[in-house]
Structure formats: C-alpha cells, structure tokens
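Quick notes on the structure that follows.
Numbers restart at 1 for each chain; the letters A, B, ... are given by sequence-line order, proteins then strands. Just so it is clear, the model here is predicted, and its values are computed rather than measured.
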There are 2 protein chains.
Amino acid sequence: MQKNAQVPLDSSGEQSPRQLIASLVADGILTDPDSPRGRLLNAAARLFEQKGFTRTTVRDIAAEVGILSGSIFHHFASKEDILCTVMQEVTVYARARMAHASAQAESPREKLRACIQCELEAIHGLAVPGFSILVAEWRSLSADSQKRVLRERDAYEQIWLDTIAEAGCPGGEPALVRRLLLGALAHTYSWFKPRGRGLSLPELADRVLLIFAPL
Amino acid sequence: MQKNAQVPLDSSGEQSPRQLIASLVADGILTDPDSPRGRLLNAAARLFEQKGFTRTTVRDIAAEVGILSGSIFHHFASKEDILCTVMQEVTVYARARMAHASAQAESPREKLRACIQCELEAIHGLAVPGFSILVAEWRSLSADSQKRVLRERDAYEQIWLDTIAEAGCPGGEPALVRRLLLGALAHTYSWFKPRGRGLSLPELADRVLLIFAPL
DNA sequence: TTGAATACCAAGCGCTTGCTTGGTAGCGTT
DNA sequence: AACGCTACCAAGCAAGCGCTTGGTATTCAA
C-alpha cells in the first residue's frame, strides 16, 4: 500500500496541517486518517503515547474506535505491526513538517531554531501526535521492524545534520551534537508543560538554542 | 529495615566501589549485595536494564538467582516493590559516588566535569548497575512508589543544581540546564558504546562540557 | 443477479502473567 | 529437646494477553 521512494516534499508557501496530511495521503506515503486503518493508527498512537506499548492492549485500541479486538487483525498482522506502522508514518509526517518549517527560515541559525521548535512541538503532541513514541518505544520493536523505521528516519535526521552543520555548533561533529540535542529535547516530555504558566514553548526553544548554538 | 534519614556521606580520600558499598550497607541505607534479598535486587536491576520492566518476569528474576518464582514474594511484596527498591538503592549509591567524585575536583568547572563523567559512567553500567532504569522505567511506577523514590532523588539532584550554579552555565536557571543535560546524558545510553573504538567516555564528557559550559 | 472485496462480530484457544497457599528443611537459641 | 526464624519448594489459581477461526452484513463492479 505504501511506496517507499523518497518523495520530494513540497516546502513552499504556507500550509495547514490538514493540507499537509492530505498531500501526503495523495502521494500514498501516509494512510488516510479517515479510513478504518487510519483511525486505528491514530488511536494506537494516542494510547502508546499515554500508557506505553506493553501496557496498551489490542482490546484498548479496538475499544477506542468502537470495534472488537479480533477485528484489528483484519487491518494489521500483529500488535507490533501497528507500532511499526505508527512509527513509520509519524516519521514521514514529522519530516514533511520540519522540512517546511526549515525552508521558511532565512539564516542558518534561524533554521536551527525552527527545527528545535518544530521538534519540541512534535514531542509535546502539539503537532505530530505520537512523536514521543519514536524514542520511548524503540526497544519494543523487533530488529526487522527497527530497520523498516530506520529507513524513514534517516531522511528525517539528514535535515538535522545539514542544519546543525550550517549553524556551526560547538561540541564536535553534527552527528554528536544532534544526538545530545535529541536526548535533551525528547526528555522535556517528562517535565515540560507547554500549556503551563511557566516557560512557553518558543521560550524553551530559545534557551536550548542558546546552549547548543551560543552567540 | 532502611532508615530514611539523610546520612552525611563520607567524601574524603580514595575509595573503591567495594568500600563505598560496604560503608553504605553498614549505615543501613543499602541492602547487603551478598544477602538473598541483595542478590535478587542485583539480578532484577540487570534484567530491568536489559529487557525493560514489563518484559522481565518474576520467573526471570528468580531463575537468575536459582530459586522458584513464588519464593520472591518472601522477600518483596510485589514486582513493583522490587522495581521501586532497585530505584531507591541505585539512587542512594549514585549520590554517594557523585558526592565523592565532585569533592575530589577543585575548580567549579572541574566539578561539573566530574559530575558529567560520573553520570555517564553510571548510565553506561560501568559504575552504577541499573542507573538507566531510573529514567527508562519511571512510568512503570505507581504514584506512591514515585514519591518514595523522589525523596532520595532530590538529594541527588541537589548536588547537580549546586554544581551547575557554581559553574555558571548559560541557558538560564540551573534547574532548566540540569533537565536538558540529564536528557542528553540519559539518551547516550541508546547510541554511545563506551567500549567501542570511537569516542571514549571521558572524551564524550569533554564534548558535553564544551556545549553546556563553554570556554 | 451474481460474485468478490471490505469491514466487522462472536466465541474462544493457548499461553503467560503476578501472586497465593500450605508446607518443609536447616539453623541458632534457649 | 523444643522453639522460632529464615529461606525456600511444589502446585496451581485467576486474570489477562495476543491472536485465530468461521461466519455475516454491506457495498459495488461486472
């Protein structure tokens, strides 16, 4: 159902989430969220994010969309297949979103800022539901499934590496900086509340930028 | 069995891991690793770190020390009790180790370096087996258990906050810097191989220091 | 009008899980 | 010799798990 070719992403002009999703669905690299399969993926992503993969049962997922647990296996081969597909599609969407945000910014440092804010929004469920699963549930995937997801993920990471290299961060190679940065950002999931009365999300992005790209 | 008072830690002179553990056992704030209970805790820590909490069964833990699964509940009230106790004791030991390492360093910046290296060693199983569980399995704890662990953890974090404040890191309040730093360090668990032929652990500590405390 | 495809139900199988129960063997005290 | 304490075994229960099977209702193209 899904073509795995790296479809070039449209990164010009303004785009609403709905438009972006629609164009990815039209390209055949994202499941239609209004289809039964798409509804299952969205429900699973929500639950995996809330409770974790092992603590989410197929009965939970089925109940979320109003069907019985057995019917899930008409759409997916296994519970792990659901997780793997969720991770793939989340990565595809996150990549499209970040490519767009990065292309909008002008200076290299602003591009990095845009990427940081973009990933923060993704992690905190403001833009890419299920993004935090990518880090939290990596070990729940079999080796084969990890490979499937990694192919999509490489394209996503390449945007980061290019951006970091151009911004001229200290701390060594872009790959190392990216890994430290990813850890720092992903971990904000467990303490930062974007809707709280403290730091706002763009403010947090600024602080992170200040550390990883001083000046 | 365990006194919860904040026992002042001996932080003078050289100390082998064995000596440090022995003194903590003598103080009654750590379980003797040679007792049946201690052997269970060590086995559980190893397994939780390798496979995660939910994917580790009480039968796995029992087999590791050569008893039957039911016998575990002579030593612990529940599987979660094991996890909670592991987390507590790991925190106690990590704190003692870091207090010692920090006290050995001279300048504020060297103290920060010592803490970073200390936590990296802990995360990668070179010094504090089970440390990575603290971050990875936090959500596996009930609210009550989280409170129990948090009391020990506060003392550990205080060392960090003091060290960061004195080192004068950019990026805002020490609490924020610490959270970003913890995320970055904890995540190294999933990509950094301390025994590999690439970057060594002290080198990695240097790079991290360069980012979080420039100059 | 038929036939295939899609989406789902109803029932339950086989297995694993955390944990319980009732009992026993060995040891140090008194 | 009697007691109590610690550490453990043997057996299994009740619940929950992922997943299978055989069948049905609806839709839509030929």
Side-chain angles (χ1 to χ4, degrees), chain A residues 1-2 25 28 31-48 50-87 133 137 139-145, chain B residues 1-2 25 28 30-48 50-87 133 137 139-145 148:
Chain A
M1 176 159 288
Q2 234 116 306
V25 170
T31 303
D32 182 359
D34 289 328
S35 69
R37 185 183 155 95
R39 273 191 293 270
L40 278 172
L41 286 174
N42 281 328
R46 258 198 316 276
L47 290 170
F48 292 162
Q50 275 174 31
K51 317 200 294 176
F53 177 67
T54 46
R55 275 178 292 280
T56 301
T57 70
V58 292
R59 286 165 175 85
D60 290 337
I61 303 172
E64 197 82 355
V65 303
I67 63 175
L68 291 190
S69 68
S71 308
I72 283 192
F73 300 93
H74 176 70
H75 300 279
F76 297 95
S78 66
K79 187 190 172 189
E80 194 199 317
D81 184 29
I82 302 178
L83 176 62
C84 182
T85 307
V86 163
M87 283 185 168
I133 302 170
E137 302 295 346
R139 288 200 298 176
S140 299
L141 283 183
S142 68
D144 279 353
S145 297
Chain B
M1 174 159 288
Q2 233 116 310
V25 169
L30 216 65
T31 302
D32 182 359
D34 289 329
S35 69
R37 186 184 155 97
R39 274 191 293 271
L40 278 171
L41 286 174
N42 281 327
R46 259 197 318 276
L47 290 169
F48 291 162
Q50 275 174 31
K51 317 201 294 176
F53 177 68
T54 45
R55 276 178 293 279
T56 300
T57 69
V58 292
R59 284 166 178 83
D60 291 336
I61 302 171
E64 197 81 356
V65 302
I67 63 174
L68 292 189
S69 67
S71 308
I72 283 192
F73 299 92
H74 176 69
H75 300 279
F76 297 95
S78 66
K79 188 189 172 192
E80 195 199 316
D81 184 29
I82 302 178
L83 176 61
C84 183
T85 307
V86 163
M87 284 187 167
I133 302 170
E137 302 295 347
R139 285 200 300 175
S140 299
L141 284 183
S142 68
D144 279 353
S145 298
R148 262 178 68 194

Taking atom [atom2] of [N] as reference, at what distance in whole Å does atom [atom1] of [X] sit?
X	N	atom1	atom2	result
A/Asp60	D/dG16	CG	P	12 Å
B/Ile72	C/dT20	CD1	C1'	14 Å
A/Leu40	C/dT6	CG	P	16 Å
A/Ile67	D/dA25	CD1	P	19 Å
B/Arg55	D/dG16	CZ	P	21 Å

Got [X] and [Y] here, is their nearest side-chain heavy-atom distance under 4.5 Å?
X	Y	answer
A/Ile82	A/Leu40	no
B/Glu64	B/Asn42	no
A/Val25	A/Pro33	yes

Mark yes or no for a side-chain to base donor-acceptor pair under 3.5 Å between B/Arg59 and C/dG18, with no hydrogen or angle criteria applied.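 Flag set: donor-acceptor pair detected.
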
Using 0.5 Å steps for rounding, measure from the [atom1] atom of [X] to the [atom2] atom of [Y].
X	Y	atom1	atom2	result
A/Lys51	A/Arg46	NZ	CZ	12.5 Å
B/Met87	B/Glu80	CE	CD	9.5 Å
A/Leu83	A/Lys79	CG	NZ	8.5 Å

Kindly write out the residues that satisfy salt bridge (charged side-chain N to carboxylate O under 4.0 Å, His left out) with B/Arg39, not counting sequence neighbours, or none if the list is empty.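 Per chain and number, B/Arg39 pairs via salt bridge (charged side-chain N to carboxylate O under 4.0 Å, His left out) with no residue.
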
Mind checking B/Thr54 for me? I need base, sugar-phosphate or nothing, with any heavy atom below 4.0 Å counting as a touch.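 If one applies the 4.0 Å heavy-atom cut-off, B/Thr54 turns out to touch nothing in the nucleic acid.
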
Side chain of A/Leu68, heavy atoms from C-beta onward: which of D/dG18, C/dG18, C/dA10 has the nearest atom to it?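 Side chain of A/Leu68 sits closest to C/dA10.
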
Any side-chain to backbone donor/acceptor pair from A/Asp81 onto A/Ala77? Under 3.5 Å, distance only.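 Yes; at least one donor-acceptor contact below 3.5 Å.
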
Would you find a donor on one side and an acceptor on the other, under 3.5 Å apart, between the side chain of A/Glu137 and the backbone of A/Phe53?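 Present.
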
Under 3.5 Å, which protein N or O atoms sit close to an N or O of nucleotides 21-23 of chain D? Give each pair with its distance.
none

Residue closer to the 5' end of DNA chain D, A/Thr56 versus B/Ser69 (nearest nucleotide):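 Whichever sits nearer the 5' end wins; that is B/Ser69.
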
Close approaches to DNA chain C from residues 73-83 of chain B, in residue order (heavy atom, under 4.0 Å):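 Only B/Phe73, B/Ser78, B/Lys79 qualify.
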
